[in-house]
Participant: 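Take this structure, written in structure tokens, and hold onto it; I'll ask about it next.
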Amino acid sequence: MSPVVTTAVGVGVVVVGMAVAAGLQMERLQAGPVMGLAESGAAVTVRLKVVSDPAVRSTAGGRRPPYVVVRASVEEVVGRGVATRVRTPVVVIGSVGWKEVRFGQQVEATGRLQSVDKGGDVAAMLSSRVAPRVLDEPAWWLRAAERVRAGLRQSVAGEPEAVRGLVPALVMGDESGVPPELVEDFKTTGLAHLSAVSGTNLTLLLAFVIPLARLLGVRARGLTVVGLAMVVVFVVLARPQPSVLRAAAMGLVALAAMTSGGTKRGVRSLSAAVLALLLLDVSLARSAGFALSVLATAGIVVLAPAWRDTMSRWMPRWLAEAIACPLAAQLACTPIVAWLSGQVSLVAVGANLLAGPAVGPATVLGFGAAGIALLSADLARLAGWAAAWPARWIILIATEGADLPGAASAWPATVLGIAVLTLLCLGLTLGLHRLLARPVAVLLCLILLVVALLRPVGSIGWPPDDWVLVACDVGQGDGLVLRAGPASAVVIDAGPDPVAMDRCLHELGVEHVPVLILSHFHADHAGGVAGVLRGRVVDKIEVGPYLAPAAEVDRVRALAAAGSVPVRTVTYRERRTAGELAWTVIWPARVPPLGGSGSGGDGSPENNASIAMMVETNGLRILLTGDLEPEAQRAVVASGVDLRADVVKVAHHGSSRQDPAFVAATGARLAVISAGADNDYGHPAPRTLELLQRAGTRVARTDTGGSVAVLRRGAGLAVATQKSAP
């Protein structure tokens, strides 16, 4: 049989196999009444088997209480008076009472079934507002695994919060304790794969265990048995979920490729692993995580060996391998990462190179602490203490790397943008082999990369020397900076992203914050508080009297306590000063009851209780309005306060909910709107832009111009945006 015919037959077999697998999966999802009940939104009582760890989530802006997401398999459903035994996968969106469920438990729950998009790996979504009733505990081996996981967490309980979260994440993918700001830093620096269940975890463990077995005299098939046993232990500890099984497969392929020296063999192994995983779960074809895992492994298998051999001609082989692996993985994943995040990381390869030597010791020592905890808590704490030191180094690389001015660059997450980036990556892949063979060329590239990361001259023309107010580009949220003096500024709100807020303040040269004022506690205004606190002296945090949502209030207070920053509540009509600034609080005059409806209307009570203030600086009057909605805006007008201003920060990101009388009362020459590019809310609303245009007010927007600076030029005003800076 000719090679062409053989290839055609092979492709045909694969296509038929995938079609059969897809059909079987769809049949599994459609079997029983669950999907039909979901289409009609039926209320049901179900018996479930929990197949994932619960994850607590918050709504955008923090407008609603936190909720829990957990995956489960329906084993019995009672709907419309009929009980049916099934085995159907669903995703549960539950109240906070669901956070206590454990992997492998059987529970009984009530709720309402809802349809989901077809093509996924679940048949329906169960919305449940009450905590489930536990029917049966997990199997003995899952309980044993949980004891080991708990032992690991206990072994690092005395370490700083970031270390307490990272060590369990490195060892078994337990991300529950990783601080959100560290998660963002890991994403920015391309280290996110370390804090999730990935092939890296297993590869490191095997790379330690197999040589150790050789030293103990294990040979040939015995090494295979040891390796497989290690895989089983890893899967059990990290939980036998699809992501864990995928990570195990990719980790074995990567390790085999880097140790066998055969690229063709590695490609065959990777292809077989991908096909096997897709046959088991066709929905992986739509998973971005699966795509990233496959691409990273493919980069290591196909590109890394040749690049390693090329560089090893003029540098130590171990260093060449340490550079080649993260470089190949990062380059292969760059288009998908840009599509998901809208940015390209310039620091990822360097961060992985620097953090890499510490990952193995932290993982292996943490794994040892988990096992030792079954025998002795004291010895486990000693091993945990040892694992904490390399973990501290990884955290240092992530936090410092994320703070670099050029750590990440925006990239359009459009079809054209990703297509162009893919072509660039392919071109770089083809030419990189020749470049890596020349030490001088590599040195020049490193110098260019360092300049791009450090940006010693910053963005040319940004920030302007005479800025008075800057609305930072923090995405869909507010982050306002008022100059109070040299290297000093009052910050009003912190946006949703600590990294973006920290970067903006760094660019402005702000080292001292006399006061951080949070207009209200929605996450798009308070989520970035950690970014303001990072590396700066913050004298105090001032907040409004409406203390909701509670979860965000508690988070801000915890951050303030950790930094020894006092928190005080502002009062109506109080007047304050800081350096060149003076301001008066003009709202809220009254505080709605928690859970109430705001100022007598249908708006959000958190929005309507926002702190509004009139700021005076350098002869300018600047009106800051938080997220006030029309009912509160009308109350401010009725209070008789003088609202005349030169600049107004348009309330609620320029939403359509604006009171025309309030806008007219300001008489502002300039309106600043802080909103995220292509946000899901349609901010700023065309109606609001038209209202400002009729009032003769010039508009500056962060969604189109990036960070916006208001300048005092003689007796007039000027505006500069970061994207238009020369």
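Since the structure is predicted, the reported quantities are computational estimates derived from the model, not experimental observations. Note: hydrogens, waters and symmetry copies are ignored here, and every other heavy atom, side chains too, is used.
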Participant: From Leu379 CG over to Ser155 OG, what is the distance, rounded to the nearest 0.5 angstrom?
Facilitator: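 That separation rounds to 11.5 Å.
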Participant: A side-chain contact here means heavy atoms from C-beta on lying under 4.5 Å apart; do Ile541 and Leu559 qualify?
Facilitator: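 Counting from C-beta outward, Ile541 and Leu559 never come under 4.5 Å.
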Participant: Show the nearest heavy-atom pair for residues Thr189 and Ala398, with the distance to one decimal.
Facilitator: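 The pair with the smallest heavy-atom distance is CG2-O, 3.5 Å.
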Participant: If we ignore hydrogens and angles and just use 3.5 Å, is the side chain of Arg153 paired with the main-chain N or O of Pro168 as donor and acceptor?
Facilitator: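 No, the answer is negative, given that no donor and acceptor are paired below the 3.5 Å cut-off.
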Participant: For side-chain contact (heavy atoms from CB on, under 4.5 Å), just list the numbers for Val337 and Val344, CA-CA rounded to whole Å, side-chain angles, deciding distance to a tenth of an Å, and then say yes or no.
Facilitator: CA-CA 7 Å; Val337 172; Val344 174; over 6 Å; no
Participant: Might you work through the salt bridge (Lys or Arg N to Asp or Glu O under 4.0 Å) test for Arg149 and Glu146, ending with a clear yes or no?
Facilitator: CA-CA 5 Å; Arg149 291 164 66 94; Glu146 183 54 44; 3.8 Å; yes
Participant: For residues Asp539 and Pro514, report the shortest heavy-atom separation together with the two atoms involved.
Facilitator: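 Minimum heavy-atom separation between Asp539 and Pro514: CB-O, 3.1 Å.
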Participant: Phe186 versus Val178: any side-chain heavy-atom pair under 4.5 Å?
Facilitator: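 With C-beta onward as the side chain, the pair stays apart.
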Participant: Can Met501 and Leu505 be said to form a side-chain contact (heavy atoms from CB on, under 4.5 Å), step by step?
Facilitator: CA-CA 6 Å; Met501 195 67 213; Leu505 292 172; 4.2 Å; yes
Participant: Measure from the side-chain N and O atoms of Trp98 to the backbone N and O of Tyr67, and report whether any donor-acceptor pair falls under 3.5 Å.
Facilitator: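 No, Trp98 side chain to Tyr67 backbone: no donor-acceptor pair under 3.5 Å.
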Participant: Can you name the closest pair of heavy atoms from Ala369 and Gly384 and give their distance?
Facilitator: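 The answer is CB-N, 3.8 Å.
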Participant: So does Arg164 pair up with Glu159, basic N to acidic O under 4.0 Å?
Facilitator: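 Between Glu159 and Arg164 there is no salt bridge, as every charged N stays at least 4.0 Å from the carboxylate O atoms.
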Participant: Does the pair Leu432 and Leu327 meet the rule for a side-chain contact (heavy atoms from CB on, under 4.5 Å), with working shown?
Facilitator: CA-CA 10 Å; Leu432 202 57; Leu327 179 60; 3.7 Å; yes
Participant: Measure the spacing between CG of Leu331 and SG of Cys425 and express it to the nearest 0.5 Å.
Facilitator: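 Nearest 0.5 Å value for the CG-SG distance: 5.0 Å.
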Participant: Atom CG of Leu166 and atom CD1 of Ile395: how far apart are they, to the nearest 0.5 Å?
Facilitator: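 The distance works out to 5.0 Å.
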Participant: Rounded to the nearest 0.5 Å, what separation is found between the CD atom of Glu100 and the CD atom of Gln105?
Facilitator: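 Answer for the CD-CD pair, Glu100 versus Gln105, is 9.5 Å.
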Participant: Does this structure show an ion pair linking Asp136 with Lys49, if we count only N-O contacts that are shorter than 4.0 Å?
Facilitator: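 No, no charged N to carboxylate O under 4.0 Å.
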Participant: Taking side chain to side chain contact (heavy atoms under 4.5 Å, CB included) as the criterion, tell me which of Val553, Val543, Val532, Val491 meets it with Leu518.
Facilitator: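 Among Val553, Val543, Val532, Val491, the one meeting side chain to side chain contact (heavy atoms under 4.5 Å, CB included) with Leu518 is Val543.
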Participant: What closest approach, in Å, do Val163 and Ala391 show between heavy atoms, and which atom pair accounts for it?
Facilitator: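 Minimum heavy-atom separation between Val163 and Ala391: CG1-CB, 4.4 Å.
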Participant: From the options Val537, Leu533, Val538, Val481, select the one residue that forms a side chain to side chain contact (heavy atoms under 4.5 Å, CB included) with Val513.
Facilitator: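 Of all the options given, the one that passes is Val538.
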Participant: Determine whether a donor-acceptor pair (N or O, by modelled atom type, separation under 3.5 Å) exists between the side chain of Arg555 and the backbone of Ala526.
Facilitator: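 Flag set: sc Arg555 to bb Ala526 pair under 3.5 Å.
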Participant: May I ask you to decide if Val51's main-chain N or O and Arg71's side chain share a donor-acceptor pair within less than 3.5 Å?
Facilitator: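 Not a single qualifying donor-acceptor pair exists.
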Participant: Any chance you could measure Ile372, atom CD1, to Leu365, atom CG, to the nearest 0.5 Å?
Facilitator: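 Ile372 atom CD1 to Leu365 atom CG measures 9.0 Å (nearest 0.5 Å).
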Participant: With a 3.5 Å distance limit and no angle check, can you tell me whether Ser312 reaches the backbone of Ala320 through a side-chain donor-acceptor pair?
Facilitator: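 Here the side-chain-to-backbone pair does not exist.
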Participant: For atom CH2 of Trp389, decide whether the heavy atoms of other residues, nucleotides or ligands shown that lie under 6.0 angstrom number more than 12.
Facilitator: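 Check fails, neighbour count at 12 or below.
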Participant: Are the side chains of Val70 and Val92 in contact, using a 4.5 Å heavy-atom criterion?
Facilitator: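 Yes, at least one pair of side-chain atoms sits under 4.5 Å.
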Participant: With a 4.5 Å cut-off on side-chain heavy atoms, are Val499 and Asp185 touching?
Facilitator: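 Yes, side chains in contact.
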Participant: For Gln476 versus Asp524, what's the shortest heavy-atom pair and its separation?
Facilitator: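 Minimum heavy-atom separation between Gln476 and Asp524: O-CB, 3.3 Å.
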Participant: Distance-only, no hydrogens or angles: does the Glu552 side chain make a donor-acceptor pair with backbone N or O of Pro549 under 3.5 Å?
Facilitator: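 Checked: no pair found.
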Participant: Would you check if Cys472 and Glu507 make a side-chain contact, meaning some heavy-atom pair closer than 4.5 Å?
Facilitator: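 Side chain of Cys472 against side chain of Glu507, heavy atoms only: no contact under 4.5 Å found.
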Participant: For Gly531, does its backbone N or O pair with a side-chain atom of Arg536 as donor and acceptor, under 3.5 Å?
Facilitator: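 A pair under 3.5 Å: yes.
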Participant: How far apart are the closest heavy atoms of Ala362 and Val171, and which atoms are they?
Facilitator: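 Result for this residue pair: O-CG2, 4.4 Å.
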Participant: Can you tell me how far CG of Leu436 sits from OG1 of Thr310, rounded to the nearest 0.5 angstrom?
Facilitator: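 Atom-to-atom, Thr310:OG1 and Leu436:CG are 6.5 Å apart.
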Participant: Under the side-chain contact (heavy atoms from CB on, under 4.5 Å) criterion, do Thr188 and Arg503 qualify, and how do the steps go?
Facilitator: CA-CA 12 Å; Thr188 302; Arg503 184 175 295 123; 4.1 Å; yes
Participant: Using the rule given for salt bridge (Lys or Arg N to Asp or Glu O under 4.0 Å), can you reason through Arg317 versus Asp309, listing the C-alpha separation, both sets of side-chain angles and the distance that settles it, and then say yes or no?
Facilitator: CA-CA 8 Å; Arg317 185 178 177 84; Asp309 294 341; 3.4 Å; yes
